[in-house]
Amino acid sequence: MMEEKREQVQAKKRIKYVLYVGMLLVILILYAYMAYLTYHDKQTGADAYFVILNIVYVLLILLTGIFAWRCLFYNKEEMPAHKLFLFLGITIGLVYYLTIPLMAAPDERTHLYNAYELSNRMMGIREETVWMRADDVGHAYNEQILVRGDYAYQYKDAFTTAQNRELVDTGIVANQKPRYLYICSAFGLTIGRLLHLSTTLTYMLGRLLNLILFLVAAYYAIKWIPFAKGAVLVWACLPITMQQAASFSYDAGLLALSILVIAKTLKIAYAQEEERKGRIWDYTVLGCSMLLLLPCKGYSLIPLVALPCMLIPRFIRANRDVFAAWRKKWKPWMKVLLIAVCAVAALGICYAAVRVVHGWLLPENINNRHLDWSEENGYTMGYLLKNPIYIVELLLNTMMYKFDVYLSQMLGGSLGWFTIQIPYVIVLGFLVVMVYAALRKEKEPQLIQVGERTWMWMVVAGVCVLSMAAMLFYWTPISYRTIEGVQGRYFLPVLPLALVALRTRRTCVSDHAESYAAMWTALLQVIVVTAVFRGFI
């Protein structure tokens, strides 16, 4: 009997290895096929368009078939979610890496300049403006109204070396912060420039390292998070998530840090005793992720950085006896001193807050922000404090008229520069799959307590409010009665946390929910990619 079991285990391992190697070979063969055809085709853009279309569909159909086979015929042994993500994330990442043309993601050219400037610093070039190779400056990739010929322009002469490598001053100042979010894409650009690759391959290499950064972070987050692994898997494979991760956008690093903070916090809080090994490593990763995430998006992610505060009550309860013994050792004068220090600190904070509010209410600070894009003044804190009814009106109007837009954009309903529209029913399909995968499985305990759930919702609400407030003060004209400039992807960092907070004791799903979620995600991506290709003129 033991020998038969060993043979069965070995047979299953061989099947897995064959699947892994087969997928890798298919991807390499298809990419080589695309390279061969695009290198030899010099006539029209139709061939490059159809080559990529065929490659993408073959990858997605293979992926969907594999997951369907596992769910329908091979469900006896559940594959861990992080291994499912290896199939799903790498394949879908490559699909978006090939499907979305260079510079087609929102603000990608701006992010490219920042990555290029950091690449210059890696190569010892320190100038106030961005200097680029003459070949790179000469490439004007289409950004918004996409046509099929964009693929031909992108891959024409892509597999050759750069002809004019002389540095040219673009006159552009790259000042997007924090700069460390561009390290991976800048490293890719540096490798391409040192190898004298063409503009397209150099840019694609920068994109590729950005994608790898996100995939690695998502893989370990799914592995570390104690539950709702399927929800994180689907979140990482959303159309908008993959588009941003496979571009020059700093969203790749930002989303990577966000999901690491969430995963590590939940692991420390809810992991079982046998899973609590390497606590120093957990706290180290969590602390570094929090510090790196803090200044991102104009400090609008501060509530997410504060998520680990939910660990404090658990720490106090776990060390109740230690704290009780410690309090007994306190002398009366120590308690008086502590109260006095707290009172002075509270008074100092109140005084500082009063001074700040007084500054906001000064007449010269009421209407002192001018918005160049609208040729109007913008909202200020002083103006809203003097007219508090406008705060309620702005929030209600924004939620009433733009909630569906934010939801669609957050899930990938508008790709590119919002010119590629995905059917709303497909967007809702991703939402349903995520919620399904986030619910408690049949044999899982419900570990989230009421106070912790409340804190999670407060963190989610805090990030949403700060993101909207930033655009209210820096983008919305004073004549508008809705907040302008907010994009649904701004809420992506806290979407997994909102899904985790939905878990209850009363609702449960199948033990194979993660496999089902992966299969439906792959199937929905086929429809999304069809809509993407139809968006090209």
Please tell me if the side chains of [X] and [Y] come closer than 4.5 Å, counting only heavy atoms from C-beta onward.
| X | Y | value |
| --- | --- | --- |
| Ile259 | Trp235 | yes |
| Leu497 | Trp457 | no |
| Lys441 | Val509 | yes |
| Leu118 | Phe187 | no |
| Leu254 | Leu301 | yes |
| Leu384 | Leu394 | yes |
| Leu215 | Met242 | yes |
| Gln421 | Ser414 | yes |

Next item on the list: Starting from the C-alpha separation in whole Å, work towards a yes-or-no answer on side chain to side chain contact (heavy atoms under 4.5 Å, CB included) for Val305 and Met290.
Entry: CA-CA 5 Å; Val305 175; Met290 291 167 60; 4.0 Å; yes
Other residues, nucleotides, ligands: >12 heavy atoms within 6.0 Å of [X] [atom1]:
| X | atom1 | answer |
| --- | --- | --- |
| Tyr180 | OH | yes |
| Trp475 | CH2 | no |
| Tyr424 | OH | yes |
| Phe227 | CZ | yes |
| Phe473 | CZ | yes |
| Trp131 | CH2 | yes |
| Met458 | CE | no |
| Tyr474 | OH | no |

In Å and rounded to the nearest 0.5 Å, what is the [atom1] to [atom2] distance from [X] to [Y]?
| X | Y | atom1 | atom2 | value |
| --- | --- | --- | --- | --- |
| Leu415 | Ile422 | CG | CD1 | 4.5 Å |
| Trp224 | Leu286 | CH2 | CG | 10.5 Å |
| Arg503 | Arg453 | CZ | CZ | 9.5 Å |
| Gln243 | Ile92 | CD | CD1 | 14.0 Å |
| Ser247 | Arg207 | OG | CZ | 6.0 Å |
| Ser258 | Leu495 | OG | CG | 11.5 Å |

Please answer whether the main-chain N or O of [Y] pairs with a side-chain N or O of [X] as donor and acceptor at a distance below 3.5 Å.
| X | Y | result |
| --- | --- | --- |
| Ser249 | Gln244 | no |
| Thr476 | Met471 | yes |
| Arg121 | Arg126 | no |
| Lys264 | Tyr283 | no |
| Tyr97 | Met204 | yes |
| Ser119 | Ala115 | no |
| Asn387 | Ile389 | no |
| Ser185 | Phe248 | no |

Ignoring hydrogens, what is the shortest heavy-atom contact between [X] and [Y]? Give both atom names and the distance.
| X | Y | value |
| --- | --- | --- |
| Thr521 | Cys237 | CG2-CB, 4.0 Å |
| Ser289 | Val261 | CB-CG2, 3.6 Å |
| Ala531 | Ile420 | O-CG2, 4.1 Å |
| Leu233 | Ile222 | CA-CD1, 3.7 Å |
| Val130 | Glu117 | CG2-CB, 4.0 Å |
| Pro178 | Pro295 | CD-O, 4.2 Å |

Notebook entry, point to check: What's the verdict on side-chain hydrogen bond (donor to acceptor under 3.5 Å, both in side chains) for Asp136 and Tyr116, showing C-alpha distance, side-chain angles and the deciding distance?
Noted result: CA-CA 10 Å; Asp136 300 341; Tyr116 214 108; 2.5 Å; yes
Under a 3.5 Å threshold, yes or no: a donor from one side chain and an acceptor from the other, between [X] and [Y]?
| X | Y | answer |
| --- | --- | --- |
| Tyr203 | Glu108 | no |
| Tyr182 | His111 | yes |
| Gln176 | Thr110 | no |

Checklist line | Close aromatic pair by centroid cut-off 6.0 Å: Tyr390 and Tyr379 | finding: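 Not close enough - the centres of the two rings lie 6.0 Å or further apart.
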Note to self: Before you tell me yes or no, could you show the steps for Arg481 and Glu393 under salt bridge (charged side-chain N to carboxylate O under 4.0 Å, His left out), namely the whole-Å CA-CA distance, both residues' side-chain angles and the distance that decides it to 0.1 Å?
What the structure shows: CA-CA 7 Å; Arg481 289 298 176 261; Glu393 182 182 356; 3.7 Å; yes
Next item on the list: In sequence, state the C-alpha distance, the side-chain angles, and the governing distance for Lys402 and Val486, and then conclude on side chain to side chain contact (heavy atoms under 4.5 Å, CB included).
Entry: CA-CA 9 Å; Lys402 297 194 173 185; Val486 179; over 6 Å; no
Next item on the list: Begin with the C-alpha distance, continue with both residues' side-chain angles, and end with the deciding distance and a verdict on side chain to side chain contact (heavy atoms under 4.5 Å, CB included) for Val232 and Phe85.
Entry: CA-CA 10 Å; Val232 179; Phe85 182 72; over 6 Å; no
Next item on the list: Can you spot which of Ile262, Leu499, Val500 makes a side chain to side chain contact (heavy atoms under 4.5 Å, CB included) with Met456?
Entry: Val500
Note to self: side chain to side chain contact (heavy atoms under 4.5 Å, CB included) for Leu102 and Thr199? Distances and angles first, verdict last.
What the structure shows: CA-CA 11 Å; Leu102 288 167; Thr199 299; over 6 Å; no
